[in-house]
Amino acid sequence: MLYNEDGSVKGVATGDMGIGKDGEPSDHFQRGMELHAKYTVFAEGARGHLGKQLIAKFKLDEGKDPQSYAIGIKELWEIPADKAKPGLVVHTAGWPMDSDTYGGGFLYHLEGNKVTLGFVTGLDYKNPWLSPFEEMQRWKTHPAIKAHLEGGKRLSYGARAITAGGLLSLPKTVFPGGALVGCDAGFLNAARIKGSHAAIKSGMICAEAAFEAVTAGRSGDELAAYPAGFLQSWLHTELHQSRNFKQWFKKGSTIGALMTGIEQWFLPKIGVSTPPWTIRRTHADHLYLRPAAECQKIEYPKPDGSLTFDRLSSVFVSNTNHEENQPAHLTLKDVSVPVNINLAKFGGPEGRYCPAGVYEFVNKDGADQLVINAQNCVHCKTCDIKDPTQNIVWVTPEGGGGPNYAAM
């Protein structure tokens, strides 16, 4: 982030290239560039690296519910032609989760005998033994999902955090010199598992506000017309109508399903466009994790290599690549915390909530230690969100590094 002397956003600096693991410039060093603007619009997706800093600096989330996140784990398959049904949409809720854990899946038939499918796990889960990756693999074994995939071949894999808090967790979207749009702010509608339309609309409203400001000769102030325009838009109407969705599911899958049916189907049917009640949320996702000793261990079946897979083979088909000789982009505020707190109290949840095998605890010379395999990272941001002590900080790696999702 770059700031002016008055504290307003000046722009951004791109990362330096060619920094070695020792933090010193290598033979391939290239200095980054400063990009200055009258207004800077941030569209980094969920848990944006810079957006997170802006929210903290300008206290944009003051008076708002804590943001709620989920992790979506996704695969792309090619299936036999006789199974293909382009346009078919399948949504699931619950299984294989227990009734207290938020989760659900999606499966879409595409053209060209392709199927894209994925499973979403709420990152406010309590049991540290839970693995979102393993839950997704187990979900595929359900007869209703397995039937679409038998005889097919997995082509690609990916994972990404999702902002699921909705309207009640939406921060103030403007600050001096800039704005947040899309999932950097949290416009996704979790009830519909849909965010692209919201990202586009928020970008359009912001663009109109910025155009008006620049043509009037303004710069560096707040684009007040952007949040005002959002309040008058169909997007606000949509998010207001589904504002309680995630909060109801915190009360269990039965209550969640019942109240979502009432709010999303029954009330509109009798002419009530939006629920007359609001359910609030008070805790961030990382605060829900309970000590490992208080929770039941979850034994996951071994992958069969045809329908279910392990993490490393999954990372391989995500086409993830990072320059080996660079500082790790997964940083720790305190290197003692993973062993002394996370492993001792929570059973080392890093090794389970990460869908790419980045974190593993090993015993070396009689002492436990955390190994970070940063080259495996698929940039999902789950560790930055779910780490119980908020000790892990995800920062941007060298430009061009990370997963290369083809047709995902």
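In this chain, numbering begins with 1 at the start of the sequence shown.
Lys52 has no carboxylate O lying under 4.0 Å from a charged side-chain N of Glu44, or vice versa, which leaves the two without a salt bridge. Using a 4.0 Å cut-off between charged nitrogen and carboxylate oxygen, Glu78 and Arg154 do not count as a salt-bridge pair. Salt bridge present: Lys172 and Glu222 bring a charged side-chain N and a carboxylate O closer than 4.0 Å. The pair Arg281-Asp285 counts as a salt bridge, with a side-chain nitrogen and a carboxylate oxygen less than 4.0 angstrom apart. With respect to the salt-bridge test (charged N to carboxylate O, under 4.0 angstrom), the residues Glu134 and Arg311 qualify. Electrostatic pairing of Asp221 and Arg218 counts as a salt bridge here, judged by a charged N lying under 4.0 Å from a carboxylate O. Looking at Lys246 and Asp124, a side-chain N of the basic residue comes within less than 4.0 Å of a carboxylate O on the acidic one, giving a salt bridge.
For Arg138 and Thr308, the side-chain atoms include no donor-acceptor pair closer than 3.5 Å. Donor-acceptor pairing under 3.5 Å is lacking for the side chains of Trp77 and Ser156. Counting only N and O atoms by type, the side chains of Gln137 and Tyr300 include no donor and acceptor under 3.5 Å apart. A side-chain donor from one of His322 and His379 sits under 3.5 Å from a side-chain acceptor of the other. Looking only at atom types and distance, the side chain of His197 has a donor-acceptor partner in the side chain of Glu238 under 3.5 Å away. Trp277 and Glu263 share a side-chain donor-acceptor pair at under 3.5 Å. A donor-acceptor contact under 3.5 angstrom links the side chains of Thr274 and Arg243, judged on distance only. The closest side-chain donor-acceptor pair between Asn321 and Asn404, if any, does not fall under 3.5 angstrom. Using modelled atom types and a 3.5 Å distance limit, the side chains of Glu34 and His36 yield a donor-acceptor pair. There is no side-chain donor-acceptor pair under 3.5 Å between Asn127 and Gln296. Using a 3.5 Å distance cut-off with no hydrogens or angles, the side chains of Asp334 and Asn391 do not pair a donor with an acceptor. A donor-acceptor contact under 3.5 angstrom links the side chains of Glu350 and Asn342, judged on distance only.
Side chain of Arg47 to backbone of Ala161: no donor-acceptor contact under 3.5 angstrom is found. Asn325 contributes no side-chain N or O that, together with a main-chain N or O of Gly20, makes up a donor-acceptor pair within less than 3.5 Å.
Nearest heavy atom pair, residue Gln375 against residue Thr320, reads O-CG2, 3.5 Å. Heavy atoms only, all atoms of each residue included: Ala374 and Ala328 are closest at CB-CB, 4.3 Å.
A cation-pi arrangement is absent between Lys74 and Phe106 under the rule of less than 6.0 angstrom and at most 45 degrees off the ring axis.
Residue His148 forms a side-chain hydrogen bond (donor to acceptor under 3.5 Å, both in side chains) with just one option from Lys85, His109, Lys83, Lys140, and that option is His109. Each of Ile162, Ile385, Leu123 was compared with Ile71 under the side chain to side chain contact (heavy atoms under 4.5 Å, CB included) criterion, and only Leu123 meets it.
The distance between the ring centers of Tyr108 and His91 falls below 6.0 angstrom. In this structure, Phe187 has its ring center under 6.0 Å from that of Phe230.
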